[in-house]
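Please read these numbers as outputs of a predicted model, since none were measured by experiment. Whatever order the structure lists them in is the order used to number ligands and atoms, beginning at 1. Just so it is clear, the values below take in all heavy atoms, side chains as well, and ignore hydrogens, waters and symmetry mates.
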Amino acid sequence: MDHAADAHRTDLMTITRHVLNEQSKHPESKGDFTILLSHIVLGCKFVCSAVNKAGLAKLIGLAGETNVQGEEQKKLDVLSNQVFVKALISSGRTCVLVSEEDEEATFVDPSLRGKYCVVFDPLDGSSNIDCGVSIGTIFGIYMVKDKDNVSLDDVLQPGKHMVAAGYCMYGSSCTLVLSTGNGVNGFTLDPSLGEFMLTHPDIKIPKRGKLYSVNEGNAKNWDTPTAKFVEKCKFPKDGSSPKSLRYIGSMVADVHRTLLYGGIFLYPADKQSPNGKLRVLYEVFPMSFLMEQAGGQAFTGEQRALDLVPTKIHQRSPVFLGSYDDVEEIKALYAAEEKKA
Ligand code: FDP
């Protein structure tokens, strides 16, 4: 009998137990983060269940409203946003919330305020909802500077100030990937237990990957470094094999694959969208935080993504993130372009 394997099966490491273990390394900690996380986990479980039965429950389709970016909201977007906002407020551990679905930030009533600010996209990749492709929730967590003097500045901080970030992917399985600034861990929802179990401890992204992930339909509007990089992926001149293209068009799914298999995910600037498409606070920052924590890099075309200081809550930025060496290559191409100018 393989006792080690048996022990592995019976010693159940849930996400709560994992975070409590981490908490015990900080004797000053009062468990506020664990409580906040349990409310985020509840939101993720609810959305997972809603996504799974979307077709059956007629949750697919438009809710008849448009969001801040002028996109049509889906029923699931609306539902997910409401669930997360209520779960986060009721945790009693939050003070400012920024959601992709809400034009303004939410300032939690002082009676329910805690020390954390949460920025999130409750249901990212919404154009994929109706065809059952993987979608996800993305979140980033900051600590408020002064609980009695809360302002938008508390969420307009560079990504490197985040204390935690993660995403939950609603795919063939429901996977929650989390970093509290001490590496990256992945947890898979066991539907029979209703618990996220540690399945991917200490995720490290391969130093170089064989995949690249980008919407090539925008190629005619790309800048020179992006065009050169993708050309190099397809027609390498150093004798290496071409990279394979993988693009789902759902950030959580594309980033999850990049994190596990290595490679690079690009959403560059182009002539139509000089700031790219993805939102800094609740897409670029959390994913960049996770990439760095897993040993990769994230770059905006100008600087380390986590150094960017946002000035607006729904600001966008180009982003190149993934394996260390692959991002290093795109950085070199931008540096060379800069020299020419
Ligand atoms: P979606 O528009 O479906 O919500 O920012 C949202 C996002 O999806 C990302 O999840 C995804 O990576 C990106 O947009 C896809 O954009 P393109 O369709 O322009 O490739």
>> Taking 4.0 angstrom as the limit and counting only heavy atoms of Y247, give me the atoms of ligand 1 inside it, by number and element.
In response: 15 (C), 16 (O), 17 (P), 20 (O)
> What do you reckon, are the aromatic ring centroids of H161 and Y142 less than 6.0 Å apart?
Replying inline: no
>> Counting only heavy atoms from other residues, nucleotides and ligands, does the tally under 6.0 Å from CD of E302 exceed 12?
In response: no
>> A quick test of your reading: do over 12 heavy atoms of other residues, nucleotides or ligands sit less than 6.0 Å from CZ of F107?
In response: yes
> What are the atoms of ligand 1, with element, lying closer than 4.0 Å to any heavy atom of M251?
Replying inline: 9 (C), 10 (O), 11 (C), 12 (O)
> Which ligand 1 atoms are under 4.0 Å away from a heavy-atom of D124?
Replying inline: 5 (O), 6 (C), 9 (C), 10 (O)
>> Do T258 and I264 have side chains that approach each other closer than 4.5 Å (heavy atoms only, starting at C-beta)?
In response: no
> With respect to Y170, which candidate in N52, L123, L76, V252 satisfies the side chain to side chain contact (heavy atoms under 4.5 Å, CB included) definition?
Replying inline: L123
> Near K277, which atoms of ligand 1 are under 4.0 Å from a heavy atom of that residue?
Replying inline: 2 (O), 7 (C), 13 (C), 14 (O), 15 (C), 16 (O), 17 (P), 18 (O), 19 (O)
>> With respect to N218, determine whether any N or O atom, backbone or side chain, lies less than 3.5 Å from an N or O atom of ligand 1.
In response: no
> By number and element, which atoms of ligand 1 are closer than 4.0 Å to a non-hydrogen atom of G249?
Replying inline: 8 (O), 11 (C), 15 (C)
> Going by the atom numbers of ligand 1, which of them fall below 4.0 Å from some non-hydrogen atom of E283?
Replying inline: 5 (O), 6 (C)
> Does L278 reach ligand 1 with a nitrogen or oxygen that is under 3.5 Å from one of the ligand's nitrogen or oxygen atoms?
Replying inline: no
>> Classify the ring geometry of H314 against Y282: parallel below 30°, tilted from 30° to 60°, perpendicular beyond 60°.
In response: perpendicular
> Are any of the N or O atoms of D254 closer than 3.5 Å to those of ligand 1?
Replying inline: no
> Less than 4.5 Å apart, any side-chain heavy atom of K243 and any of D326?
Replying inline: yes
>> Checking the N or O distance criterion of under 3.5 Å, is ligand 1 in contact with V252?
In response: no
> In terms of heavy-atom contacts, does NZ of K312 have more than 12 from other residues, nucleotides or ligands at under 6.0 Å?
Replying inline: no
>> Need the ligand 1 atom indices (1-based, order shown) with element for anything under 4.0 Å from a heavy-atom of S126.
In response: 1 (P), 3 (O), 4 (O)
>> Using a 4.0 Å heavy-atom cut-off, which part of S250 comes near ligand 1: side chain, backbone, both, or neither?
In response: backbone
> Any N/O of N128 closer than 3.5 Å to an N/O of ligand 1?
Replying inline: no
> Would a 4.5 Å heavy-atom cut-off, applied to side chains only, mark V230 and W222 as touching?
Replying inline: yes
> Should you measure from each heavy atom of Y267, which atoms of ligand 1 turn up under 4.0 Å away?
Replying inline: 16 (O), 17 (P), 19 (O), 20 (O)
